[in-house]
Amino acid sequence: MRAVVEDPTLKQYAALPPSIVCPMVDPLSTADPSGDAACAKKVLAAVPSIGESGSPLGPALDDQEVIDLLRRTLGTIDVMMIGDLTDPMGFLVSADYDLQGFANDQLQIMWSLSGPGVTGEWTSDQVVQYVTPTADVDHGNVEIWVPDLAAPGDYKVSVSIWRVSDGSRLDVDDSLQIANP
């Protein structure tokens, strides 16, 4: 059995795909946002570290708490403001994977960031995709959006493959470094 993540590469600088824009005030502002909570929930659900399982989003948060969470999240990412629209910016990363001996096993591909200025919400493993190979030998490619952090300092992108049934990490590649002046 073998699982390998190969050569994560930086593809391009891009808005959060699909680009989700909401009429919002500056994320660092203390003024009331002009956008509504439904739009804030849509953006937060699309940001992997917030929208995955274990998410702070849920029925327990009222509309203002959701909007405050969006402000805090956007406050850690470089954003592009076009008028009153906020677009989280980041990098598309492409990674190939090769699998042998995992037919019908559910696997998950995850990513995380590490380095100076990388805060807790981005250091946790984030699920990108679930893969269930139907053959003994399988391969593929995954594209991952990672945020362009507002804090200066270079950081690493780690891409890993995990077996869902026992939670074991099969492989990790943390060779991709992003320069963040």
Side-chain angles (χ1 to χ4, degrees), residues 1-21 40-59 61 69-70 73-74 76-78 87-149 153-180:
M1 296 179 90
R2 183 177 81 89
V4 177
V5 177
E6 297 179 319
D7 303 323
T9 56
L10 200 57
K11 264 184 95 171
Q12 69 187 60
Y13 189 69
L16 178 66
S19 181
I20 299 171
V21 292
K41 286 179 183 178
K42 182 178 172 185
V43 172
L44 287 169
V47 176
S49 73
I50 302 297
E52 293 296 334
S53 62
S55 164
L57 282 179
L61 295 183
L69 179 59
L70 177 62
T73 301
L74 291 181
T76 66
I77 304 172
D78 275 344
D87 215 346
M89 299 302 292
F91 301 93
L92 285 179
V93 173
S94 178
D96 294 327
Y97 58 87
D98 288 310
L99 307 168
Q100 292 181 357
F102 294 100
N104 302 313
D105 276 347
Q106 188 177 29
L107 308 175
Q108 57 189 6
I109 300 173
M110 304 177 84
W111 69 272
S112 64
L113 300 178
S114 62
V118 178
T119 56
E121 63 266 20
W122 302 115
T123 60
S124 302
D125 285 323
Q126 310 301 321
V127 176
V128 176
Q129 180 177 333
Y130 286 94
V131 177
T132 305
T134 56
D136 197 44
V137 176
D138 201 354
H139 63 276
N141 176 275
V142 63
E143 286 192 351
I144 304 161
W145 181 87
V146 299
D148 180 7
L149 299 178
D154 297 350
Y155 53 96
K156 282 188 189 181
V157 178
S158 295
V159 181
S160 56
I161 299 177
W162 298 73
R163 183 182 311 180
V164 173
S165 62
D166 62 7
S168 61
R169 185 171 71 185
L170 305 172
D171 191 41
V172 64
D173 187 316
D174 61 0
S175 63
L176 180 61
Q177 182 129 353
I178 295 177
N180 192 23

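Within the 4.5 Å cutoff, the side chain of Val93 has no heavy atoms near those of the Trp111 side chain. For the pair Asp125/Ser112, a side-chain contact is recorded, criterion being any heavy-atom separation below 4.5 Å from C-beta on. Taking the side chain as every heavy atom from C-beta outward, Tyr97 and Val131 approach each other to under 4.5 Å. Between Arg2 and Asp98, the closest side-chain pair of non-hydrogen atoms falls below 4.5 Å.
Judged as a side chain to side chain donor-acceptor pair (under 3.5 Å), and not counting sequence neighbours, the contacts of Ser94 are Asn141. Remark: Phe91 engages Tyr13 in a ring-ring contact (aromatic ring centres under 6.0 Å, His included) (not counting sequence neighbours). Contacts of Thr134 classified as side chain to side chain donor-acceptor pair (under 3.5 Å), with partners at least two apart in sequence or in another chain: none.
Side chain of Asn180 to main chain of Asp154: no donor-acceptor pair is present (N/O by atom type, distance under 3.5 Å, no hydrogens or angles).
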Could you pull out every donor-acceptor pair under 3.5 Å between side chains of residues 169-179 and any protein atom, sequence neighbours left out?
residue	atom	partner	partner atom	Å
Asp171	OD2	Val5	N	2.7
Asp173	OD1	Ser175	N	2.8
Asp173	OD1	Ser175	OG	2.6

Quiz: residues 156-164 side-chain donor-acceptor pairs under 3.5 angstrom, not counting sequence neighbours:
residue	atom	partner	partner atom	Å
Ser160	OG	Trp162	NE1	2.7

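Judged as a salt bridge (Lys or Arg N to Asp or Glu O under 4.0 Å), the pairs with a partner in residues 134-145 (not counting sequence neighbours) are, in order, Lys11-Glu143. The stretch residues 99-108 participates, sequence neighbours left out, in these side chain to side chain donor-acceptor pair (under 3.5 Å) pairs: Gln108-Tyr130.
Atoms CG and OG1, from Asp96 and Thr9 in turn, are 7.5 Å apart once rounded to the nearest 0.5 Å.
Smallest separation of non-hydrogen atoms from Met89 and Ile77: O-CG2, 3.3 Å.
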